[in-house]
Amino acid sequence: MPAIFSTAPGKAILFGEHAVVYGQPAIAIPVTQLKAKAVVQALPLATTGTIHIEAPDINLDSDLSQLPQTNPHAMAIQLVLDTFNINKPPSFLLRITSKIPVASGLGSGAAVAVATIRALSNFLGQPLEDVQVCSLAFEIEKLHHGTPSGIDNTVITYAKPVYFIKGQPIEILSPTKSFTILIADTGVSKATSETVAQVHAAWRANPSEYEVIFNNIGEISKTAYSAINAGKLKLLGQLMDQNQNQLSEMDLSSPELDKLIQSAKEAGALGAKLSGGGQGGNMLALVDESNQASVQSALKNAGAASVFSTTIP
Ligand code: PMV
């Protein structure tokens, strides 16, 4: 039997991170240059029920039976088997590789989960619908984030730009004008679960102040939705700056992020902000043809560990 594989893209959050956990709208885009890949290969000669997992990027090489149930790879496999009520699975090898940096706001955990769920369900001859893939990946996101909004698994499952409100049907965006975003890495990794917990504690301590911030971010996301639909890129850039200010108010920026954001703006970016959990990870800069090259080199000169562009068609 040939190996079955599936890939899933990374993602970036354009607007609304953190506030989305509290019911506000957010906008996210797939980042197709970065991919996670899961390959499932039958092991006909192995002892019945052998399930082996290899993830060389994280030095994992283990039988499923040796992994704790809370391991995200183990959980992805178990969720798929449970979905089909399979108690005696055929023996197989799951091999996972990913070009998406971990703990940097680009959705690596959700992409690995989506690729694994799709590859395994296809291998079992029972391909899952997107809505099922998304909801199983959400269960795994809980391991990574504690209280995830569901935006990562959603944008990655559908691989389209989405306008997302927790618990509501998603809306796929179709921008009237394409736009280009530079994604620059601070080189500092930070677990999203930590910043999500920090915001939660600060909100509990000071609910009225934080609810004003969440509402402000929600309004920014709503206006950004209209700006994307109307192709108003200058306004979109201003909204990114406003969103960044609100994220800074919540202490989610960092000196490295601030430096990259400032240099992108000075080099002519239409707007710039952190993306995802914050306090490290990646930042985004909205550019046009006239300033893309200068912003890109400004980001490199300011110490970005990597810079690449993605265009939303
Ligand atoms: O996975 P990250 O770092 O891109 O962050 C996800 C966005 C948050 O709003 C911070 C958390 C969530 O679950 O929505």
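By convention here, the first residue in the shown sequence is residue 1. Computed from heavy atoms alone, side chains included, the values below leave out hydrogens, waters and symmetry copies. Remember, it's 1-based here, ligands and their atoms both numbered in the order they're listed.
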What's the shortest distance from [atom] to any protein heavy atom, and which residue and atom give it?
{"atom": "atom 8 (C) of ligand 1", "value": "His18 N, 3.9 Å"}
{"atom": "atom 1 (O) of ligand 1", "value": "Asp152 OD2, 2.8 Å"}
{"atom": "atom 14 (O) of ligand 1", "value": "Ser149 OG, 2.5 Å"}
{"atom": "atom 3 (O) of ligand 1", "value": "Thr192 OG1, 2.6 Å"}

Basic-acidic side-chain contact under 4.0 Å: Lys265, Asp241: yes
Carboxylate-amine/guanidinium proximity below 4.0 Å for Glu256 and Lys259: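 Lys259 and Glu256: not salt-bridged.
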Sub-4.0 Å heavy-atom contact, Glu141 with ligand 1: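 Not so, Glu141 does not reach ligand 1.
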Heavy-atom closest pair, residues Gln279 and Gln198: NE2-OE1, 2.8 Å
For the student: nearest non-hydrogen atoms of Trp203 and Glu211, plus distance: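 Heavy-atom minimum between the residues: NE1-OE2, 2.7 Å.
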Parallel, tilted or perpendicular: ring planes of Tyr163 versus Tyr225, cut at 30 and 60 degrees: tilted
Are [X] and [Y] close enough that some pair of their side-chain heavy atoms sits under 4.5 Å apart?
{"X": "Glu54", "Y": "Leu60", "answer": "no"}
{"X": "Thr223", "Y": "Ile220", "answer": "no"}
{"X": "Ile4", "Y": "Val39", "answer": "no"}

List every atom of ligand 1 that sits less than 4.0 Å from any heavy atom of [X], numbering the atoms from 1 in the order shown and giving each element.
{"X": "Gly276", "answer": "2 (P), 3 (O), 4 (O), 5 (O)"}
{"X": "Val20", "answer": "9 (O), 14 (O)"}
{"X": "Pro148", "answer": "13 (O)"}
{"X": "Glu17", "answer": "9 (O)"}
{"X": "Lys11", "answer": "1 (O), 2 (P), 4 (O)"}
{"X": "Ile151", "answer": "14 (O)"}

Val21, portion touching ligand 1 at heavy-atom distance under 4.0 Å: side chain
Region of Ile13 engaging ligand 1 - heavy atom pairs below 4.0 Å: side chain
Nearest-0.5 Å distance, CG of residue Asn243 to CZ of residue Phe15: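 It is 6.5 Å, given to the nearest 0.5 Å.
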